[in-house]
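Let me begin by presenting the structure, written as structure tokens, before commenting on it.
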Amino acid sequence: MQAAEPLFELENAEVVRQSRMILHVDSFSLAKGENIALLGPNGAGKSTFVKLITREVMPLYREKPPVKFNGNPRATLDEVKKTLGVVSSTMQSQINVHLPAVDIVEGGLFGTLGLPRHVHPDERSHAKALEAMEMLGVAKLADQDIMTMSSGQARRVLFARALVHDPSTLLLDEPCTGLDPEGMYYVRSSMRDLARAGKGIVLITHYPEDIIPEISRLVLIKEGKLFADGAKEDMLTDKVMSSLFDVPLQVAKNGKNNEYYSLVSSC
Ligand SMILES: Nc1ncnc2c1ncn2[C@@H]1O[C@H](COP(=O)(O)OP(=O)(O)OP(=O)(O)O)[C@@H](O)[C@H]1O
């Protein structure tokens with residue numbers, strides 16, 4: 001079987017802020033369509049890692065390019081945006097206008113959180129937005145003001161927004177943060193649906209509970225470096241998790257078929 005082509009590659013990539021090295025990756029590759037989770041303590045460098053993918057952060061210059069996207073060391077922002085759909089928990093707090101949810105979703109076609117002023121939505125873009133909302137089970141909320149929605153409903157609207165331009169990979173930055181168990185249930189089941197529909201998933205999280213069964217590879221980040229990278233079952237052990245977070249932790253397996261993991265602190 002032929003190996004899938006890489007979507008994203010890093011080689012000797014370093015990010016410096018205020019004279020401090022906040023991320024250094026010797027070597028990393030993510031295949032097209034692959035599902036991974038990035039796990040690590042606060043301040044470890046997970047968001048910086050993902051911002052190297054989205055080109056919000058640039059690495060130090062090297063003669064041999066440290067970042068390649070679709071094999072291209074000079075991928076344009078437009079190319080990156082077309083390929084990726086992004087959802088983050090902080091996006092929700094940036095929405096402070098009264099707009100129908102469908103406008104938020106349609107804004108995803110233009111890379112904005114609502115419809116840009118100069119844009120007059122046409123039937124096609126409206127239909128696309130409704131189709132994405134249908135996929136996330138929130139089409140019936142299309143006309144509801146986003147500001148009046150529960151956090152779980154609004155998060156699913158943001159998933160629909162990330163999907164509206166049909167990206168091949170979704171970048172999900174702590175998608176369950178701030179949600180109650182019902183909201184988490186729907187976000188996690190949406191992640192599963194999307195993975196099954198063939199979307200690649202890159203999930204950043206602090207919690208193994210978010211790691212849906214379709215994700216089989218875990219990348220652990222600590223103190224600005226790749227701490228470990230490998231199969232989920234090898235990473236989610238008491239020993240590895242305790243040394244990643246520097247406190248005693250036990251990994252429990254649960255779910256109907258023991259397909260989920262959670263972390264228990266022994267205080
Ligand atoms: N613009 C910046 N200037 C200075 N330091 C920065 C900047 N951006 C990030 N850092 C630092 O780099 C480190 C890594 O930050 P990053 O946001 O990537 O971590 P993270 O693993 O995503 O954290 P969290 O889980 O808390 O979101 C942190 O110590 C952070 O304070």
Side-chain angles (χ1 to χ4, degrees), residues 7-30 34-62 66-67 69 77 80 84-95 113 151 154-155 158-159 162 169-179 183-184 187-188 191 200-212 215 217-230 232 235-236 240-249 251 261-265:
L7 173 67
F8 174 68
E9 296 158 279
L10 293 179
E11 202 182 314
N12 194 16
E14 292 183 329
V15 178
V16 172
R17 287 286 177 275
Q18 297 174 349
S19 317
R20 185 165 75 90
M21 177 91 67
I22 61 169
L23 188 69
H24 178 180
V25 181
D26 284 330
S27 177
F28 174 83
S29 178
L30 175 76
E34 194 176 1
N35 300 325
I36 63 166
L38 306 179
L39 193 71
N42 285 128
K46 303 179 295 294
S47 299
T48 307
F49 187 96
V50 164
K51 284 178 184 165
L52 278 176
I53 308 181
T54 56
R55 296 188 78 90
E56 289 166 82
V57 158
M58 288 297 175
L60 290 184
Y61 173 81
R62 299 260 179 275
V67 183
F69 190 86
L77 202 52
V80 174
L84 303 176
V86 182
V87 179
S88 74
S89 55
T90 53
M91 247 176 202
Q92 208 157 326
S93 58
Q94 290 162 22
I95 301 176
L113 268 175
S151 300
R155 200 68 55 86
L158 288 176
F159 265 71
T169 290
L170 289 162
L171 276 188
L172 308 173
D173 191 348
E174 299 184 31
C176 289
T177 296
L179 299 184
M184 286 181 185
V187 164
R188 288 173 187 158
M191 272 196 273
I201 303 273
V202 176
L203 168 72
I204 304 180
T205 185
H206 292 118
Y207 306 108
E209 291 87 335
D210 282 346
I211 301 171
I212 53 169
I215 294 176
R217 176 180 171 195
L218 236 60
V219 178
L220 308 182
I221 301 188
K222 183 176 181 180
E223 294 168 359
K225 296 204 173 71
L226 286 197
F227 179 73
D229 178 357
K232 175 165 67 178
M235 302 291 115
L236 290 173
V240 175
M241 287 297 110
S242 300
S243 73
L244 176 68
F245 288 100
D246 280 328
V247 288
L249 293 169
V251 178
Y261 295 79
S262 56
L263 279 184
V264 181
S265 330

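Just the heavy atoms: all of them, side chains too, but no hydrogens, waters or symmetry mates, feed the values below. This one's a predicted model, so the numbers in the text were calculated from it and none came from an experiment. Just so you know, ligand 1 is whichever comes first in the structure, and atom 1 is the first atom listed for that ligand.
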Test log, rule side-chain contact (heavy atoms from CB on, under 4.5 Å), inputs R217 and N35:
CA-CA 7 Å; R217 176 180 171 195; N35 300 325; over 6 Å; no
[X]: heavy atom below 4.0 Å from ligand 1, yes or no?
X	answer
G40	no
K51	no
G224	no

R188 bridged to E209 by N-O distance under 4.0 Å
no
Shortest reach to atom 11 (C) of ligand 1 by a heavy atom, considering only R20, R17, E174:
R20
If the cut-off is 4.0 Å to any non-hydrogen atom of [X], which atoms of ligand 1 fall inside it?
X	result
N42	23 (O), 24 (P), 25 (O), 26 (O)
A44	19 (O), 20 (P), 21 (O)
Q18	4 (C)
I22	9 (C), 10 (N), 11 (C), 12 (O)

With rounding to the nearest 0.5 Å, note down the distance linking CE in M21 to NZ in K225.
7.5 Å
Residues two or more places apart in sequence or in another chain: which of them pass side-chain hydrogen bond (donor to acceptor under 3.5 Å, both in side chains) with T169?
none
For ligand 1, which is the ligand I care about here, please tell me if G45 has any N or O atom under 3.5 Å from one of the ligand's N or O atoms.
yes
Does any N or O atom in T48 lie less than 3.5 angstrom from one in ligand 1, N or O only?
yes
Check for a donor-acceptor pair, side chain of R155 on one end and backbone N or O of T177 on the other, with a separation under 3.5 Å.
yes
Looking at I221, is its backbone amide N or carbonyl O close enough to the side chain of K46 to form a donor-acceptor pair, meaning the two atoms are under 3.5 Å apart?
no
In the protein, what heavy atom is nearest to atom 13 (C) of ligand 1, and what distance, to one decimal place, separates them?
G43 O, 3.5 Å
re atom 17 (O) of ligand 1, the protein heavy-atom contact at minimum distance is S47 CB, 3.7 Å
Given the rule in the side-chain contact (heavy atoms from CB on, under 4.5 Å) test, do D173 and S47 qualify, once you have shown the distances and angles that lead to the verdict?
CA-CA 8 Å; D173 191 348; S47 299; 3.8 Å; yes
Sequence neighbours excluded, the answer for ring pair (Phe, Tyr, Trp, His ring centres under 6.0 Å) partners of F49 is F28
